[in-house]
Amino acid sequence: MPEITLPEVELNIYGPKDPVEVPVVENYIITKESSPNFVRHITFDVSGTELEGKIKVGQSVGIFPPGKNERGRDYKLRLYSVSSPNGGEHGKPNLISTTVKRTIEELDNKLYIGVASNYLADLQPGDMVKISGPSGKRFLLPEKEKEFNYLFFATGTGIAPYRGMIMELFEKGDYQNECALIFGCPYRTDVLYSDYFEKMAQEHSNFHYLKSISRESRRKDGSKHYVQTKIKDEEELLLPILKKKNTLVYICGLKGMEAGIYKELLRLGLDEYLDIRKKLPDDLNDIPRNDIKKFMKPSARTFEEVY
Ligand code: A2P
């Protein structure tokens with residue numbers, strides 16, 4: 001097993017009290033036309049700021065929506081994962097991208113429109129945005145990233161960091177190990193960046209692109225297709241990768257998804273991905289989802305960003 005050393009990263013070059021203003025250079029929709037959801041790919045130009053070339057994929061930036069909340073206070077910053085590679089979007093170190101889903105919900109008979117996501121999604125090229133960061137020092141590719149295999153699990157906009165990570169692995173020199181991306185979303189119209197990932201899967205036999213579409217069909221036992229059910233449904237492909245000594249697991253997206261993945265890893269006896277803290281019940285389903293962290297945490301081989 002090669003040593004898992006995470007790269008040194010810069011943190012809060014611009015702190016939350018000291019954001020910098022940068023222009024938007026592109027903002028385009030990435031959900032399909034017929035989708036009821038709106039996810040956008042947004043790129044900022046950080047030229048002339050200290051952020052240029054300093055943000056690593058897996059890190060986040062803080063965004064400050066303008067205006068005040070109902071208590072008359074400035075809106076707080078919201079963190080968004082960077083989806084461009086270390087060298088920047090379009091190979092330019094001054095361009096960083098993120099992936100934003102408009103939050104539109106009905107709560108208690110009232111429409112709720114997420115402040116930050118809709119502010120970002122409405123932006124036009126040339127508009128200025130206050131950003132801080134970068135933040136995050138754990139959800140990163142290790143140094144010597146090409147020496148590892150990866151299972152990347154994403155739900156929804158949790159795909160963002162993997163876009164840049166896959167660019168790092170496959171577009172810079174020769175990557176010979178195995179990488180599987182397992183992406184979950186409700187409908188086919190919500191699959192994000194699929195043209196890019198399909199192309200990568202066609203061009204690289206060591207890149208495996210699996211989609212779990214949860215609301216269009218059911219598995220044989222009637223359960224939904226979730227990212228964790230792919231571990232069972234694609235066991236022939238995924239188990240040999242998981243059993244290798246130099247494999248890392250990454251989990252990004254909806255809070256709760258990690259519990260399902262942990263249970264599948266344990267079912268297969270792959271305890272090395274977890275740090276077990278308490279005696280497990282015979283039936284893992286007896287552990288309530290919200291209690292899972294009392295029983296186990298990610299080990300050094302598992303990276304997690306859930307929200
Ligand atoms: P569903 O909502 O059908 O239950 P998005 O962020 O685009 O809505 O996608 C999130 C995806 O993650 C959906 O397919 C959603 O399925 C699925 N999902 C919901 N809960 C879990 C969970 N606990 N584990 C894994 N996937 C989940």
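As the structure lists them, so they are numbered: ligands from 1, and atoms in each ligand from 1.
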Fill in: Main-chain N/O of Y226 paired to S212 side chain as donor or acceptor, under 3.5 Å
yes

Item to complete: Ignoring hydrogens and angles, tell me if any N or O in the side chain of T31 forms a donor-acceptor pair with the backbone of V39 under 3.5 Å.
Response: yes

Worksheet item: Can you tell me how far CG of D122 sits from CZ of R102, rounded to the nearest 0.5 angstrom?
Response: 4.5 Å

Worksheet entry | Check ion pair R267-E235 (N to O, under 4.0 angstrom) | yes

Discussion item. Any salt bridge linking R219 with D221? Criterion: basic side-chain nitrogen under 4.0 Å from a carboxylate oxygen.
Written reply: yes

Discussion item. Please enumerate all residues that pass ring pair (Phe, Tyr, Trp, His ring centres under 6.0 Å) together with F152, with sequence neighbours excluded.
Written reply: Y150, Y162, Y250

Response to the item:
Under 4.0 Å from ligand 1, residues with heavy atoms, in chain and number order, are K101, T155, G156, G184, C185, P186, S214, R215, K224, Y226, Q228, L254, G256, M257, R289

